[in-house]
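One structure is given below, encoded as structure tokens.
Within every chain, numbering begins at 1; the chains are lettered A, B, ... in the order of the sequence lines, protein sequences first and strands thereafter. Both backbone and side-chain heavy atoms feed into the values below; hydrogens, waters and symmetry mates do not.
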Protein chains: 2
Amino acid sequence: MSQQRHGNTPGNAGAVPAFPDLPEATIARLPEYLRALHNLAEAGSDTISSEGLAAAAGVNSAKLRKDLSHLGSYGTRGVGYDVTLLIDQIEYILGLDQRRAVALVGVGNLGHALAGYDGFASRGFRIVALFDADLEQVGKAINGLTVRHVGELRRAVVEDGITIGVISTPPSAAQGVADDLVAAGVTSILNFAPCVLSVPAGVDVRKVDLAIELQILSFHEHRKASLTALPGGLVGEGGNQEAVGS
Amino acid sequence: MSQQRHGNTPGNAGAVPAFPDLPEATIARLPEYLRALHNLAEAGSDTISSEGLAAAAGVNSAKLRKDLSHLGSYGTRGVGYDVTLLIDQIEYILGLDQRRAVALVGVGNLGHALAGYDGFASRGFRIVALFDADLEQVGKAINGLTVRHVGELRRAVVEDGITIGVISTPPSAAQGVADDLVAAGVTSILNFAPCVLSVPAGVDVRKVDLAIELQILSFHEHRKASLTALPGGLVGEGGNQEAVGS
DNA sequence: CGCGATTTGTGCACGCCTTCACAAGCGCCT
DNA sequence: AGGCGCTTGTGAAGGCGTGCACAAATCGCG
Ligand SMILES: NC(=O)c1ccc[n+]([C@@H]2O[C@H](COP(=O)([O-])OP(=O)(O)OC[C@H]3O[C@@H](n4cnc5c(N)ncnc54)[C@H](O)[C@@H]3O)[C@@H](O)[C@H]2O)c1
Ligand SMILES: NC(=O)c1ccc[n+]([C@@H]2O[C@H](COP(=O)([O-])OP(=O)(O)OC[C@H]3O[C@@H](n4cnc5c(N)ncnc54)[C@H](O)[C@@H]3O)[C@@H](O)[C@H]2O)c1
């Protein structure tokens, strides 16, 4: 790397350092590294080699080193990476030190599960508001939060500094909700409804479609079945272990 | 393509036709095309152009044509693709005409939502068995299915011809459940627990980690925030609309 | 202080994926 | 029947991502 920028810990607030533009594939893996690092820290490890961390995150070690090298030089040759330092670095890059406020729209079957999930809090997020269009749901309390009517969305987004919206409404309502979220100022959306959302430039959308995941698995089942029917029998060509993202 | 294999509709059972080995990226998009096609069929369209289908699926039209060309020549120049024919083709390739049996392990917060979701049925899957280790949950009925004890997993997998397993247990239990599923004969696993699973070759694993999705969005929020702080203001560089998978 | 063991950071080559651009093919209209 | 407009299917180019292999750097030890 060209510039040596060592003692630059995240605690060093103030001027934003030249923001590195990481490859999208790298970004998608950083959260995985982060999770593995937290496990290691909890297990008492102070340092970890790229080989060890790669194994814990389920990736190739060369890939991991290249990914980490993009954020700067935070490893020590002959030793490995300082676990806590790396955690801080990755959390800083991902913007998790800000504990982003999230709004969830559509408190049905799935939304209920998401709202009641405490795993988000430990990974940098606070679900601060729940919304639904069904007056039957409005007023109910889930995990300490009261479900509000979608009409209040705009005000809540501004007041609570919400930047991320999660959509777990039926697909027919998703585009409308997305429009409302964007109009209110949300610039990132996680969509669980199986449909394509159209949003203005500058707004990021990620989609999670569970049926698609199953369908991809189904394809591989189909492929495997047609292979075993052919000569050669079951060869076993390496279990895929792919993240869902990227 | 070299061989002209036209009237070969999926209904044509029997000998398995030379199985095309599609690029992984294409496979991940086929489900999206399929969903869009079903919407079009419901809306009464008989044919659809690559441009139209691409818009409905949220992808580039050239990419869509190349993807579809991998399954054979099912379009008509000057006209477009026959919607029903294409649906049948994609469903056949994905192996959805078999309505695969799925087992769900871990009927907690999230598992409950998944078990109660009727959207899987319409997309080629049947959740045929629910399992939990908690005796408190065992015996309860969800959506017509009774929760069974994980000890019965092996027998159920064999009896019901289950090939896909969904894990929605806490991460600490996930590897054990995966081992049980594999031992029982399951060859595809969809994992919701935030952890890396180790499985033998020949078994496919896909992971869905919602916190990772949020963290990726958080990164982009962080990036956008640091950009607006710089000269140039908010430029708006195209909303990302990326599938989660692949 | 020097040496060997260890591990990072990266140059490089390869393959996959995306996108453009266009020829070939098809149907419709005259 | 012929021409015209539309759409598919694909060749080619460029970009991105991956993984090998190794030089550079650091630590521990004698
Ligand atoms: N439940 C699952 O396991 C599951 C799995 C995969 C995908 N999904 C998808 O997630 C979404 C939610 O699924 P679900 O099972 O929770 O459905 P659901 O019907 O149980 O819940 C939908 C909720 O959204 C609310 N809603 C409807 N229109 C709204 C609007 N305009 N504004 C705000 N709220 C509105 C409804 O009142 C309801 O409470 C669906 O798109 C579904 O396809 C769910
Ligand atoms: N709830 C969410 O919205 C959400 C979101 C993201 C990720 N997740 C992940 O999904 C998984 C499930 O989350 P949850 O909120 O439903 O948790 P939960 O604790 O509500 O449910 C877990 C269930 O698994 C069962 N279980 C535990 N060990 C088992 C075993 N060995 N065999 C079979 N069943 C066993 C438990 O009895 C319980 O019913 C977790 O790994 C969680 O991190 C959940």
Checklist line | Pair of N/O donor and acceptor under 3.5 Å linking D:dG19 base with A:Lys66 side chain | finding: yes
Item checked: base_contact_polar (C:dT8 base, A:Arg77 side chain, donor-acceptor, <3.5 Å) -> yes
Atom-pair distance ([atom1] on [X]; [atom2] on [N]), nearest Å:
X: B:Tyr74; N: C:dC26; atom1: OH; atom2: P; result: 16 Å
X: B:Leu86; N: D:dG9; atom1: CG; atom2: P; result: 10 Å
X: B:Asp46; N: C:dG27; atom1: CG; atom2: C1'; result: 16 Å
X: A:Leu68; N: C:dT10; atom1: CG; atom2: P; result: 12 Å
X: A:Asp67; N: C:dT8; atom1: CG; atom2: C1'; result: 14 Å
X: B:His70; N: C:dC16; atom1: NE2; atom2: P; result: 11 Å
X: B:Lys63; N: D:dT8; atom1: NZ; atom2: P; result: 17 Å
X: B:Leu64; N: C:dT18; atom1: CG; atom2: P; result: 12 Å

Is the phosphate of [N] approached by [X] (side-chain N or O, under 4.0 Å from OP1 or OP2)?
X: B:Thr76; N: C:dC26; answer: no
X: A:Tyr81; N: D:dT26; answer: no
X: B:Ser49; N: D:dT7; answer: no

Side chains of [X] and [Y]: closer than 4.5 Å at any heavy-atom pair?
X: A:Lys224; Y: B:Thr187; value: yes
X: B:Leu210; Y: A:Val166; value: no
X: A:Leu53; Y: A:Leu37; value: yes

Margin query: Given 3.5 Å as the limit, does a donor-acceptor pair link the side chain of B:Arg65 with the main chain of B:Glu51, or not?
Written below: no
Margin query: For the backbone of B:Leu96 and the side chain of A:Gln215, can you confirm whether one donor and one acceptor N or O come within less than 3.5 Å of each other?
Written below: no
Item checked: Closest-nucleotide ordering on DNA chain D, the 5'-leading residue of A:Arg65 and B:Gly80 -> B:Gly80
Next item on the list: Please tell me which of A:Asn60 and B:Gly78 maps to the more 5' nucleotide of DNA chain D, matching each residue to the nucleotide holding its nearest heavy atom.
Entry: B:Gly78
